[in-house]
4 protein chains.
Amino acid sequence: MMQEEELPRREREKLRQRREMFDAALKLFSEKGFHNVSMHEIAKNAEFAIGTLYKFFKNKEELYKALVIENSDRFHQALTKAVEETDDEIEKLRNYVRTKSAVFMDNISVIRLYFAETRGASFNIKAGLDNEIRERYEKFIYTLASIFESGIEKKLFQNIAAPYHLAVALDGLCNAFLALWLESPEKHPYPADPDVILNILFKGLIAL
Amino acid sequence: MMQEEELPRREREKLRQRREMFDAALKLFSEKGFHNVSMHEIAKNAEFAIGTLYKFFKNKEELYKALVIENSDRFHQALTKAVEETDDEIEKLRNYVRTKSAVFMDNISVIRLYFAETRGASFNIKAGLDNEIRERYEKFIYTLASIFESGIEKKLFQNIAAPYHLAVALDGLCNAFLALWLESPEKHPYPADPDVILNILFKGLIAL
Amino acid sequence: MMQEEELPRREREKLRQRREMFDAALKLFSEKGFHNVSMHEIAKNAEFAIGTLYKFFKNKEELYKALVIENSDRFHQALTKAVEETDDEIEKLRNYVRTKSAVFMDNISVIRLYFAETRGASFNIKAGLDNEIRERYEKFIYTLASIFESGIEKKLFQNIAAPYHLAVALDGLCNAFLALWLESPEKHPYPADPDVILNILFKGLIAL
Amino acid sequence: MMQEEELPRREREKLRQRREMFDAALKLFSEKGFHNVSMHEIAKNAEFAIGTLYKFFKNKEELYKALVIENSDRFHQALTKAVEETDDEIEKLRNYVRTKSAVFMDNISVIRLYFAETRGASFNIKAGLDNEIRERYEKFIYTLASIFESGIEKKLFQNIAAPYHLAVALDGLCNAFLALWLESPEKHPYPADPDVILNILFKGLIAL
DNA sequence: GATGAATGAGTTTTCATTCAT
DNA sequence: GATGAATGAAAACTCATTCAT
């Protein structure tokens with residue numbers, strides 16, 4: 001992709017405006033939910049006229065979709081990059097947990113939206129979003145699964161469950177702990193150490 | 001509490017009507033979300049006049065809250081009963097997973113709502129609901145935690161993590177697998193065997 | 001008219017119920033205005049079922065009309081009786097002012113309604129009411145006028161204006177002072193002495 | 001204050017629209033009363049969309065209040081100006097009666113509303129209005145009272161009653177005669193000559 | 001190209017009135 | 001004859017979207 005800095009001034013300006021609209025929309029949507037934010041409110045917060053907002057996004061739905069999808073892409077790219085940084089499967093998982101946590105911390109607003117979308121709250125209203133998000137999610141779960149698969153092949157991991165199930169499990173564990181933190185950061189400070197989560201997967205609860 | 005069958009006819013009739021309104025509301029809310037369902041729509045689906053709906057529920061919010069809370073109570077009662085049916089900690093966990101699955105299967109619609117509420121999608125709009133739900137959830141997590149605690153004391157379980165964390169982990173695992181099934185039942189048929197989930201917790205991924 | 005006590009029990013009972021409905025309605029209407037009182041509210045306050053209320057009054061409008069008209073009749077009867085008690089014109093006027101004041105004090109609630117109707121606030125909504133009230137008012141003004149007329153004939157009064165105008169003037173003076181008291185009884189205590197009002201009419205502001 | 005004609009076109013346009021809304025609202029309110037006029041009706045009559053009406057007035061209450069208060073101000077300004085035009089107390093009173101009559105003739109619609117508000121028909125519903133109107137009324141009564149006071153001091157007027165009472169009396173007289181005309185202009189043509197009213201006050205009914 | 005005034009469909013809610021029990 | 005549950009028309013108000021300037 002062309003670097004932003006290399007774009008003609010006009011285009012750069014456009015992108016900046018789009019980002020400002022995104023920022024305002026994200027803040028409001030994550031605080032109040034899709035239906036409790038009006039386009040006027042977004043326009044006002046972004047300091048644009050309502051008409052300008054509509055120049056950039058066909059309608060409220062499109063704005064919301066773009067917001068969720070672009071952020072979701074950003075997250076998955078970060079996660080994919082994280083697991084690709086090393087060849088060691090255990091280290092990959094550790095990087096995954098660490099990066100997912102970091103992304104959470106830095107993007108609480110968008111995470112709220114993302115959860116809303118991935119956790120059934122969207123009710124398929126914003127038609128199409130569901131599928132696009134699900135697809136990305138699914139793809140990443142396969143990436144995780146293949147890590148488990150190769151770990152099992154290398155006898156690094158015991159074959160306690162299908163690699164796909166292990167991937168789902170790890171993702172579920174992460175979400176559970178991150179949700180804990182999301183809801184009351186002061187009560188459940190997020191464990192800096194990713195091994196708290198990984199240990200549960202790695203060590204058996206029951207001695208053999 | 002008096003059995004429903006023993007109630008005077010008038011009361012029974014009232015309850016039946018209330019249930020019909022609940023059913024219609026649940027169906028619509030779970031399909032389209034709180035803001036995409038109008039009270040007229042609910043009344044029409046329930047085959048009552050709009051005024052009658054308002055005789056039963058002060059306003060849309062109340063209806064929604066009652067719907068979520070009453071179902072949430074039903075779930076937690078079922079889960080609590082399940083873990084109390086046996087004294088064996090492992091069996092308790094097995095009952096928990098089995099019951100949670102069963103409840104899921106039988107109440108997909110309301111589960112969607114419940115997820116929406118427990119997973120942050122409600123955006124605190126429906127003030128108070130959040131807290132009431134969260135409280136019930138928290139309480140049950142503690143119930144789970146105490147099972148792990150006593151299991152660890154009895155040396156049934158290895159001490160691989162704090163009991164509270166183990167509870168969060170198990171719940172997260174269940175949710176992850178159930179969400180899988182919720183989204184595409186045909187592709188990921190829910191494992192009839194609760195041990196698929198429990199194994200991941202019980203067996204260590206890494207051999208000692 | 002047949003005396004109430006001589007009526008058959010059934011009829012007496014009916015009248016009692018009607019009075020109870022009237023009392024509740026009057027209290028509510030005078031406190032909150034026609035449109036801010038619901039038939040349910042009236043029924044509840046009168047301790048009757050809504051259906052029973054409708055057995056007595058065809059609809060809300062009828063109830064309101066009956067309320068205003070019957071009370072208005074009561075007032076005009078009292079006023080007519082007052083001016084008929086003596087043959088002296090000055091005493092007649094004094095009795096009028098005195099009685100009007102007394103009626104005011106004792107019927108503040110209904111006075112509020114009456115003012116609303118006679119002072120244009122009803123906006124002809126309650127079609128027909130206007131005219132019926134106006135007619136009674138008009139009739140009484142003529143009664144007053146005839147007092148002035150005969151007073152002028154007897155040379156008791158100076159011929160400073162048409163008798164009809166004098167009647168309107170006296171009524172207006174009374175209303176103005178009574179309104180003063182109606183609005184803030186503590187600030188403008190109603191003059192026990194009717195001569196405060198009559199003096200203004202009797203004595204000339206400008207010396208001849 | 002800047003003259004309306006000098007305002008930028010946009011502002012002038014705004015004012016014109018507001019006036020059109022006011023006109024439609026005034027007409028309807030005065031014909032049918034606050035509760036019998038819907039915002040849709042007003043919008044339709046003013047030939048604006050309902051949303052536009054709400055852009056100008058936060059809600060129905062605000063529209064009504066603005067209508068009553070702005071007109072009430074206009075009236076009191078006219079009356080105040082009228083009594084300030086001359087130094088002679090008698091002439092002041094004559095100007096007052098004349099102006100009040102003229103205002104009546106020209107603003108029958110708004111007078112209906114004004115009467116409704118000043119004569120207790122508003123039932124304190126439109127909270128705050130009562131007081132704001134009453135305050136203006138009270139203030140003007142004091143203005144009148146001070147005219148009587150200085151007239152009495154100058155021995156122009158006999159000291160037949162307290163100045164405040166004389167003010168109330170004159171206002172009451174005017175209202176009574178104007179109400180007469182308001183109700184049936186054809187039957188009781190308003191006396192062009194303000195002295196018909198003033199005479200009643202000026203001349204004594206009873207010879208000394 | 002940006003603006004924001006204007007639009008009106010759609011939503012929640014109330015309440016007068018009816019009528020089966 | 002009394003009751004009050006059920007009805008649904010109608011009201012206030014919001015907000016996504018358009019389009020003339």
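As the structure is a computational prediction, the values presented were derived from the model and not from experiment.
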**Complete:** By side chain to side chain contact (heavy atoms under 4.5 Å, CB included), D:Ala66 pairs with (sequence neighbours left out) D:Arg18, D:Phe22, D:Phe57, D:Glu70
**Message:** Please pick, from F:dA12, E:dA16, F:dT7, the nucleotide with the shortest atom-to-atom distance to any side-chain atom of C:Met39.
**Reply:** E:dA16
**Request:** Starting from C1' on F:dT17, measure out to CG on A:Leu63 and report it in whole angstrom.
**Result:** 14 Å
**Asked** When the distance from CZ of D:Arg16 to P of E:dA5 is rounded to whole Å, what number comes out?
**Response** 15 Å
**Fill in**
Rounded to whole Å, the CG-C1' distance (D:Asn59 to F:dA11) equals 13 Å
**Asked** Taking the nucleotide of DNA chain E with the closest heavy atom to each, which residue, A:Glu47 or D:Leu53, is nearer the 5' end?
**Response** A:Glu47
**Request:** Find the distance B:Glu61:CD to E:dT11:P and express it as a whole number of Å.
**Result:** 17 Å
**Asked** For D:Gln17 and E:dA6, is the shortest distance between a side-chain N/O and OP1 or OP2 below 4.0 Å?
**Response** yes
**Message:** Categorize D:Glu41 for me: base, sugar-phosphate, or nothing, with a 4.0 angstrom heavy-atom threshold over every strand shown.
**Reply:** nothing
**Minimal non-hydrogen separation, D:Met39 against D:Asn59, with atom names** = CE-C, 4.1 Å
**Asked** CD of B:Glu11 versus C1' of F:dA5: gap in Å, rounded?
**Response** 13 Å
**Prompt:** What is the distance from NE2 of A:His35 to P of F:dA16, rounded to the nearest Å?
**Reply:** 10 Å
**Complete:** Residue pair A:His40/A:Phe56 against DNA chain E: nearer the 5' end by closest nucleotide is A:Phe56
**Item:** Value in whole Å for how far the P atom of E:dC15 lies from CG of C:Leu28
**Value:** 13 Å
**Item:** From E:dT12, F:dA16, F:dC13, nucleotide with atom closest to B:Ser38 side chain
**Value:** E:dT12
**Prompt:** Which part of the nucleic acid, if any, lies within contact of D:Thr52, taking any heavy atom under 4.0 Å across all strands shown: a base, the sugar-phosphate backbone alone, or nothing?
**Reply:** base
Between the protein and nucleotides 18-21 of chain E, are there any N/O to N/O pairs under 3.5 Å, and if so, what are the atom names and distances?
none

**Item:** Partners meeting side chain to side chain donor-acceptor pair (under 3.5 Å) with B:Asp73 (sequence neighbours left out)
**Value:** B:Arg136
**Request:** Could you go through the side chain to side chain contact (heavy atoms under 4.5 Å, CB included) check for B:Val37 and B:Phe29 one step at a time?
**Result:** CA-CA 6 Å; B:Val37 174; B:Phe29 280 144; 4.0 Å; yes
**Fill in**
The salt bridge (Lys or Arg N to Asp or Glu O under 4.0 Å) partners of B:Lys27 (sequence neighbours excluded) come to B:Glu31
**Request:** Let me know the distance between OH of D:Tyr64 and C1' of F:dA12, rounded to the nearest Å.
**Result:** 17 Å
**Complete:** Whichever of C:Phe48 and D:Lys60 has the more 5' nearest nucleotide on DNA chain F, that residue is C:Phe48
**Item:** Minimum-distance pair of heavy atoms, taken over all atoms of A:Asn71 and A:Leu67
**Value:** ND2-O, 2.9 Å
**Asked** Hey, what do you get for OH (C:Tyr54) to NZ (C:Lys60), rounding to the nearest 0.5 Å?
**Response** 8.5 Å
**Message:** Whether D:Lys14 engages the ring of D:Phe56 as a cation-pi pair (distance to the six-membered ring centre under 6.0 angstrom, angle to the ring normal within 45°) should be assessed.
**Reply:** yes
**Complete:** Those stems involving DNA chain E that have three or more consecutive Watson-Crick or G-U pairs, both distances under 3.5 Å, are E:2-21 with F:2-21
**Prompt:** Which class fits the ring pair A:Tyr64 and A:Phe34: parallel under 30°, tilted 30 to 60°, perpendicular over 60°?
**Reply:** perpendicular
**Asked** Residues two or more places apart in sequence or in another chain: which of them pass side chain to side chain donor-acceptor pair (under 3.5 Å) with B:Glu47?
**Response** none
